[in-house]
Amino acid sequence: MWPTEESWRATVPGLVARYVERWGLTLGEDHVGGTASRVVRARTADGVDVVLKVSLPHREARGEAAALRWWDGDGAVRLLAEDPDDPYALLLEPCVPGTRLSDRHDLPAEQRLEIAAGLLSRLWGHGVPPDHPFERVEDVAAEWADLLEERMRTLRPSYDPGLVASGARLLRELPGTAGCEVVVHGDFNPGNVLQSTREPWLVIDAKPMVGDPGYDLSPLLMQVDDPFEHPDPAAVLVPRLELLAGLTGEPVERLRAWVVAREVEAALWYASRDEPGPGADCLHRAGLVADLR
């Protein structure tokens, strides 16, 4: 059983104090982040700037330390120390100035895609470690397919049943037809790419799995800027899909299929939270991407 966010938050001060003592840290300012982790700037007794990250224990985050060790700073933030008994407490290399790629609106979307895809290709290039601890994309995607079908049956949202069935089929079929397997980042959106000093940009906040590299690209494509806010989304999506395919070597059709699969899954997730508006938006996006030529 995973702890609730509320119960975990009550333990955070004690956890931070434990690692301040263990690693001899002086704490600085908190990083602005999500609700599932406490991320704080710190300095070691030797005067080295670091970042302490204590995360809510949950399924997706348990392999973060192992992935960072495997990538060893090649395009991703370096892991400096970890607690072997607690995979959710990490000491990390800081990213300064730490500006998110998602916030660099002065850069054209295509340039941001190039930056992110270059980093991601480097992570993929490490392959898969022997005896790895990671879940498999194939297994997780199959679980999602089962769950979205169950939600469709029980919640009965007014979604196109054919499109939902197509999304479930893609979730089951895509991972097993990949040309290779890699350690995927698992949450590769442009908010998880930060400006740094050791390299211009570094990747953070992995939710790693092993499997189809195409899994990683849908959040990047859909969030680098929202293609559906443009007057003609198809005219934006087609060249961006082609750009990502050229940068990563992943076929356009596979990238398109992963967008459909993940947007359908998201639509049913919103339905489970009784949020019909965002769910309908996701299904509309899935339909438009499915119809691209």
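Quick note: numbers below take in every heavy atom, side chains included, and nothing from hydrogens, waters or symmetry partners. Computed from a prediction, not measured in an experiment: that's the story for all the values here.
For His126, the NE2 atom is densely surrounded, since the number of other residues' heavy atoms within 6.0 Å is greater than 12. More than 12 heavy atoms of other shown residues, nucleotides or ligands fall within 6.0 angstrom of atom CG in Asp106.
Leu155 has its side chain out of reach of Asp274: every pair of non-hydrogen atoms, C-beta onward, lies at least 4.5 Å apart. Side-chain contact check for Val164 versus Leu268: some heavy-atom pair is nearer than 4.5 Å. Leu221 places a side-chain heavy atom less than 4.5 Å from the side chain of Val259. When side chains are defined from C-beta on, Val203 counts as touching His185, because their heavy atoms get closer than 4.5 Å. A heavy-atom distance below 4.5 Å is found between the side chains of Leu52 and Val16. The shortest side-chain heavy-atom distance between Glu199 and Arg122 falls under the 4.5 Å cut-off. Two residues are said to be in side-chain contact when any heavy atoms from C-beta on lie closer than 4.5 Å; Trp258 and Val289 fail this criterion. Thr248 is listed as a side-chain neighbour of Leu217, based on a closest heavy-atom distance under 4.5 Å.
Placement of Leu107 and Leu120 within a single hydrophobic cluster is found when ILVMFWY residues are connected by side-chain heavy-atom separations under 4.5 Å, directly or transitively. By the rule that hydrophobic residues join a cluster once side-chain heavy atoms approach within less than 4.5 Å of another member, Leu247 and Leu237 end up as members of one cluster. When hydrophobic clusters are built by joining Ile, Leu, Val, Met, Phe, Trp and Tyr residues whose side-chain heavy atoms come closer than 4.5 Å, directly or via intermediates, Leu92 is grouped together with Trp71. Both Leu27 and Val54 are members of a single hydrophobic cluster when ILVMFWY side chains are connected at heavy-atom separations under 4.5 Å. Both Val128 and Val140 are assigned to one and the same hydrophobic cluster, defined by single-linkage of ILVMFWY side chains at heavy-atom distances under 4.5 Å.
Rounded to the nearest 0.5 Å, atoms CG (Leu244) and CG (Leu220) are 5.5 Å apart. Atom OG of Ser218 sits about 13.0 Å away from atom CZ of Phe188, to the nearest 0.5 Å. Between the CG atom of Leu243 and the CD atom of Glu110 there is a distance of 7.0 Å, given to the nearest 0.5 Å. Atom CZ in Arg78 sits 9.0 Å away from atom CG in Leu202 (nearest 0.5 Å). Interatomic distance, CG of Asp187 versus CG of Asn192, reported as 5.0 Å (0.5 Å rounding). Considering CZ of Arg285 and CG of Leu288, their distance stands at 10.0 Å, rounded to 0.5 Å.
Panel note: side chain Trp70, backbone Leu123; no donor-acceptor pair is recorded below 3.5 Å. Between the side chain of Arg112 and the backbone N or O of Val224 there is at least one donor-acceptor pair closer than 3.5 Å. At least one donor-acceptor pair under 3.5 Å links the side chain of Arg262 to the backbone N or O of Tyr215. At distances below 3.5 Å, at least one donor-acceptor pair connects side-chain atoms of Thr44 with backbone N or O atoms of Val48. Between the side chain of His132 and the main chain of Phe134, a donor-acceptor pair closer than 3.5 Å is present. Between the side chain of Thr177 and the backbone N or O of Leu174 there is at least one donor-acceptor pair closer than 3.5 Å. Under a 3.5 Å cut-off, the side chain of Ser7 and the backbone N or O of Pro3 do not form any donor-acceptor pair. At distances below 3.5 Å, not a single donor-acceptor pair connects side-chain atoms of Arg172 with backbone N or O atoms of Gly167.
Ionic pairing of Asp49 and Arg41 is not present here: no N-O contact between side-chain nitrogen and carboxylate oxygen is shorter than 4.0 angstrom. The pair Asp212-Arg254 meets the salt-bridge criterion, with a side-chain N (NZ, NE, NH1 or NH2) lying under 4.0 Å from an Asp/Glu carboxylate O. Of the charged side-chain nitrogens involved, at least one lies within less than 4.0 Å of a carboxylate oxygen, so that Lys53 and Glu64 count as a salt-bridged pair. Salt-bridge annotation for Lys207 and Asp216: absent, with no side-chain N of the basic residue lying under 4.0 Å from a carboxylate O of the acidic one. A salt bridge links Arg256 to Glu253: one of the charged nitrogens lies within less than 4.0 Å of a carboxylate oxygen. Under the 4.0 Å criterion applied to side-chain N and carboxylate O atoms, Asp86 and Arg62 are not assigned as salt-bridge partners.
Both the sub-6.0 Å distance and the 45° axial angle are not jointly satisfied by Arg151 relative to the ring of Tyr159.
Taking each heavy atom of Gly279 and Ala267 in turn, the nearest pair found is O-CB, 3.4 Å.
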Practice item. Under the side-chain contact (heavy atoms from CB on, under 4.5 Å) rule, what do Gln223 and Asp226 come out as? Steps first, then yes or no, please. Key: CA-CA 6 Å; Gln223 296 178 43; Asp226 189 345; over 6 Å; no

Check your understanding: Under the side chain to side chain donor-acceptor pair (under 3.5 Å) criterion, do Arg104 and Gln195 qualify, and how do the steps go?
Key -> CA-CA 10 Å; Arg104 285 296 306 272; Gln195 280 188 274; 3.2 Å; yes

